[in-house]
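Take a look at the structure below.
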Amino acid sequence: GREKRWYIETGNPVTLCVHSRESVDDWKSVLVKGPLEPIPSEEQTRASAIFASQAKVASTDVFQKPMQEIEFEWYRIDIEEITGRTGTVD
């Protein structure tokens, strides 16, 4: 809620970590950092299609509404820093 809105309004950087794990030793992670910016309305259909094909919604239970009744706002990270790591596969 309020803390997320603060990051959007102030332009302070946010950090996002994405990862995949096949086993204890076979994993990858990427960390990106930068300010959030709203996705313009003319790009939101494309953004939602990319999201639907590449990601999963973690949970919307916190809203206590069916997902169809939730209004989403679309943002992207203006990436200023990116790092990654991988596990070791023998």
Side-chain angles (χ1 to χ4, degrees):
R2 289 184 198 147
E3 185 175 341
K4 293 173 190 161
R5 182 66 55 196
W6 179 82
Y7 280 99
I8 294 166
E9 292 172 354
T10 62
N12 281 308
V14 298
T15 303
L16 174 70
C17 178
V18 293
H19 57 84
S20 68
R21 187 180 102 179
E22 300 299 321
S23 70
V24 171
D25 295 323
D26 184 8
W27 56 269
K28 299 172 188 168
S29 68
V30 176
L31 194 66
V32 296
K33 184 176 182 177
L36 285 175
E37 58 184 36
I39 296 177
S41 58
E42 63 272 9
E43 296 178 29
Q44 289 183 7
T45 299
R46 181 173 178 269
S48 64
I50 292 169
F51 180 85
S53 70
Q54 301 291 321
K56 292 188 262 181
V57 175
S59 175
T60 57
D61 293 347
V62 68
F63 299 112
Q64 299 178 341
K65 293 182 182 179
M67 186 180 246
Q68 298 82 356
E69 294 179 18
I70 300 171
E71 290 188 37
F72 291 93
E73 294 181 13
W74 291 94
Y75 293 86
R76 61 181 159 221
I77 299 175
D78 181 14
I79 298 173
E80 296 175 340
E81 184 181 326
I82 185 168
T83 58
R85 293 183 176 214
T86 60
T88 307
V89 179
D90 294 323

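Numbers here are sequence positions counted from 1.
Under a 4.0 Å N-O distance rule, the pair E71/K65 does not qualify as a salt bridge.
Interatomic distance, E81 CD to T15 OG1, rounded to the nearest 0.5 Å: 8.0 Å. In this structure, OG1 on T86 lies 11.0 Å from CG on D25, to the nearest 0.5 angstrom.
Side-chain heavy atoms closer than 4.5 Å link hydrophobic residues (I, L, V, M, F, W, Y) into clusters, and following such links, even through other members, never connects V24 to W27. Note on V14: it clusters hydrophobically with I82, by side-chain heavy-atom contacts below 4.5 Å among ILVMFWY residues. The hydrophobic clustering, which links ILVMFWY residues whose side-chain heavy atoms are closer than 4.5 Å, places L16 and V30 together.
Residues L36 and I77 meet the side-chain proximity criterion, which asks for heavy atoms closer than 4.5 Å. With contacts defined as side-chain heavy-atom distances shorter than 4.5 Å, the pair S29/R21 does not qualify.
Residues E73 and Y75 come closest through the heavy atom pair OE1-OH, 2.7 Å. Considering all non-hydrogen atoms of both residues, W74 and S48 come closest at CZ2-CB, 3.4 Å. Nearest heavy-atom pair across G11 and P35 is O-CB, 3.3 Å.
Annotation: R76, atom CZ; neighbour count of heavy atoms from other residues, nucleotides and ligands within 6.0 Å is above 12. Around CZ of F51, the count of heavy atoms belonging to other residues, nucleotides or ligands within 6.0 Å exceeds 12.
At least one donor-acceptor pair under 3.5 Å links the side chain of Q44 to the backbone N or O of I39.
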